Amino acid sequence: MCALLAILTLAFAGCGGQPAAQKQTNDGAFHIVTSFYPIYIDVINLTDGVDGVTVTNMTKPQTGCLHDYQLTTEDMKTLESADAFVVNGAGMESFLDKVVKMQDGMIVVDASRGIDLLEEDGEANPHVWLSITKNIEQVKNIRDQLKAADPAHADAYEKNAEAYLGKLEALKKEMHAELDGVPHKDIVTFHEAFPYFADEFGLNIIGVIEREPGADPTPAELEETIAQVRALPVKVLFTEPQYSPAAAETIARETGAKIYELDPVVTGEATPAAKDAYLDAMRKNMKTLKQALQ
């Protein structure tokens, strides 16, 4: 495996490749690095109790989605010792292509491989995990690719995947039972994280508050959203815990809309205690939507 720190330095400087170097670690363990929180949750469920496997989440707990994320020196050092780098794919990790091109033999596990993606203006939406059905596909993808990358632990990955997939299937059934019959289907979300969720449960996203997360809407965009909300029979707005609700509060003042919070499950502490974080957050989202859309 090439020394990733050197590779990335060269990649971003536009230099040529270097000869392959030995891995930094030689402890006999299989080291997995995940790109961000929702992928970490999947992987720690698949590796639960497996001796000889370590899992590290590359990004910090508060990072959120990896829109335009820039790798840090700390990230590079983390990746240097990775046997496998598990990513969401679908364009979420915008930094990935250069890394892969410059590193011969790096194992990249793509959780979105082969999954049908939603597109807008010809660009894929990468928030695949917010559909339970597609997150189930992602878990299967990760399972199969980890088994191929680390055959010594293949049976353990298979067993753990079966247990976690059972939980996800139960969650899917529960959420459809609660949400398929809500009387109102039109929603305004904070940013474009929820199309897969909406597609799963038959909801219509008629507007978004911020096209780019963390960037205030323009006056014209704000007026457009205000008009959309005023036309709703049930005036509700959905913010996200990772971002300021200021723009939503402005819209609410103009329209009388109520503000609720939906969690895209992109931030949290990367510890084994996060095993049920996706299940818990999605159930909370379910309860919020059921209350809001009556």
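These numbers were taken from a predicted model, which means no experiment stands behind them.
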Applying ring-ring contact (aromatic ring centres under 6.0 Å, His included), which residue pairs with at least one partner in residues 162-185 are found, sequence neighbours left out? His176-Phe201
Can Met92 be reached from Tyr40 by stepping across I, L, V, M, F, W or Y side chains whose heavy atoms are under 4.5 Å apart? yes
Could you go step by step and tell me if Phe238 and Phe190 meet the ring pair (Phe, Tyr, Trp, His ring centres under 6.0 Å) rule? CA-CA 6 Å; Phe238 296 98; Phe190 185 76; over 10 Å; no
Within the structure provided, determine whether Thr59 and Tyr37 are in side-chain contact (heavy-atom separation under 4.5 Å). no
Can you confirm whether Lys140 is buried at NZ, in the sense that more than 12 heavy atoms of other residues, nucleotides or ligands lie under 6.0 Å from that atom? no
Could you list all the ring-ring contact (aromatic ring centres under 6.0 Å, His included) pairs where at least one residue sits in residues 108-140, not counting sequence neighbours? Phe36-Trp129, His67-His127, His127-Trp129, His127-His191
Are His31 and Ser81 close enough that a side-chain donor and a side-chain acceptor fall under 3.5 Å? no
Hey, does the side chain of Ser112 reach the backbone of Asn88 with a donor-acceptor pair shorter than 3.5 angstrom? yes
To the nearest 0.5 Å, what is the distance between CG on Leu289 and CG on Leu203? 6.5 Å
Got Asp276 and Lys167 here, is their nearest side-chain heavy-atom distance under 4.5 Å? yes
Are the side chain of Gln294 and the backbone N or O of Lys290 linked by a donor-acceptor pair below 3.5 Å? yes
From Asn135 atom CG to Thr133 atom OG1, the distance as rounded to the nearest 0.5 Å: 9.5 Å
Is there a chain of hydrophobic side chains (I, L, V, M, F, W, Y, each step under 4.5 Å between heavy atoms) that links Tyr243 to Val265? no
Nearest heavy-atom contact between Asp110 and Gly89 is OD1-CA, 3.5 Å
Is it the case that over 12 heavy atoms from other parts of the model lie below 6.0 angstrom from the CG atom of Asp155? no
Glu119 atom CD: more than 12 heavy-atom contacts under 6.0 Å: yes
Give the C-alpha distance, both sets of side-chain angles, the deciding distance and a yes or no for side chain to side chain contact (heavy atoms under 4.5 Å, CB included) between Tyr69 and Thr63. CA-CA 9 Å; Tyr69 183 80; Thr63 299; 3.8 Å; yes
Roughly how far, to the nearest 0.5 Å, is NZ of Lys284 from OG1 of Thr288? 6.5 Å
Please answer: with hydrophobic residues joined when any side-chain heavy atoms are less than 4.5 Å apart, are Val43 and Leu66 in the same cluster? yes
Can we say Lys134 and Glu200 salt-bridge, meaning some charged N sits less than 4.0 Å from an Asp/Glu carboxylate O? no
Heavy-atom donor-acceptor pair, Asn285 side chain to Asp263 backbone, under 3.5 Å: yes
Taking all non-hydrogen atoms of both residues, which atom of Pro264 and which atom of Glu240 are closest, and how far apart? CG-OE1, 3.5 Å
Please say yes or no: joined through hydrophobic side-chain contacts below 4.5 Å, possibly via intermediate residues, are Leu165 and Ile44 part of one cluster? yes
Checking Asn160 side chain against Leu46 main chain: does a donor-acceptor pair fall under 3.5 Å? yes
Walk me through it: do Met282 and Ile132 pass the test side chain to side chain contact (heavy atoms under 4.5 Å, CB included)? CA-CA 9 Å; Met282 292 293 273; Ile132 303 176; 3.7 Å; yes
Non-hydrogen atoms of Ala248 and Leu237 that approach each other most closely: O-CD1, 3.3 Å
Check Leu179 against Met286 and note the closest heavy-atom contact, atom names and distance. CD2-O, 3.6 Å
Checking side-chain polar atoms at under 3.5 Å, does Tyr278 have a donor or acceptor matched by the opposite partner on Asp42? no
Taking 4.0 angstrom as the limit, do Arg230 and Glu254 come out as a salt bridge? yes
Minimal heavy-atom distance between Ala274 and Glu269, with the atoms involved, is CB-O, 3.6 Å
Go through the side-chain N and O atoms of Ser35 and Glu93 and say whether any donor and acceptor fall under 3.5 Å apart. yes
Could you tell me the separation between the CD1 atom of Ile136 and the NZ atom of Lys172, rounded to the nearest 0.5 Å? 5.5 Å
Under a 4.0 Å N-O cut-off, is there an ion pair linking Glu174 with Arg283? yes
Determine whether Ile115 and Asn141 satisfy the following criterion, side chain to side chain contact (heavy atoms under 4.5 Å, CB included), listing intermediate values before the conclusion. CA-CA 9 Å; Ile115 293 177; Asn141 265 334; 4.0 Å; yes
Calculate, to the nearest 0.5 Å, the distance between atoms OG and CG belonging to Ser131 and Asp116 respectively. 11.0 Å
Looking only at atom types and distance, does a side-chain atom of Tyr196 sit under 3.5 Å from a main-chain N or O of Leu118, one as donor and one as acceptor? yes
For the pair Asn125 (side chain) and Glu192 (backbone), establish whether a donor and an acceptor sit closer than 3.5 Å, ignoring hydrogens and angles. yes
Under 3.5 Å, side chain of His153 to main-chain N/O of Asp51, donor-acceptor pair present? yes
Applying the side chain to side chain contact (heavy atoms under 4.5 Å, CB included) criterion to Ile32, which one of Ile107, Val109, Asn57, Val53 satisfies it? Val53
Quick one: does Thr78's side chain have a donor or acceptor within less than 3.5 Å of a partner on Glu74's backbone? yes
Sidechain N-carboxylate O distance under 4.0 Å for Lys275, Asp48: yes
Spatial distance of atom CD1 (Ile251) from atom CD1 (Ile226) [nearest 0.5 Å]: 6.0 Å
Contact check, side chains of Ile187 and Leu293, non-hydrogen atoms, under 4.5 Å: yes
Say whether Thr72 and Asp75, considering side chains only, have a donor N or O and an acceptor N or O under 3.5 Å apart. yes
Closest approach of Ala90 and Ala124, non-hydrogen atoms and distance? O-CB, 4.3 Å
Has Glu221 got a side-chain atom pairing as donor or acceptor with Thr218's backbone, closer than 3.5 angstrom? yes
Cluster overlap Leu168 with Ile142, hydrophobic side-chain contacts below 4.5 Å: yes
Report yes if some heavy atom in the side chain of Leu232 is under 4.5 Å from a heavy atom in the side chain of Ile206; otherwise report no. yes
From CA spacing to verdict: side chain to side chain contact (heavy atoms under 4.5 Å, CB included), Met175, Phe197: CA-CA 11 Å; Met175 291 186 69; Phe197 187 101; 3.9 Å; yes
Whether over 12 other heavy atoms sit under 6.0 Å from Asp68 CG: no
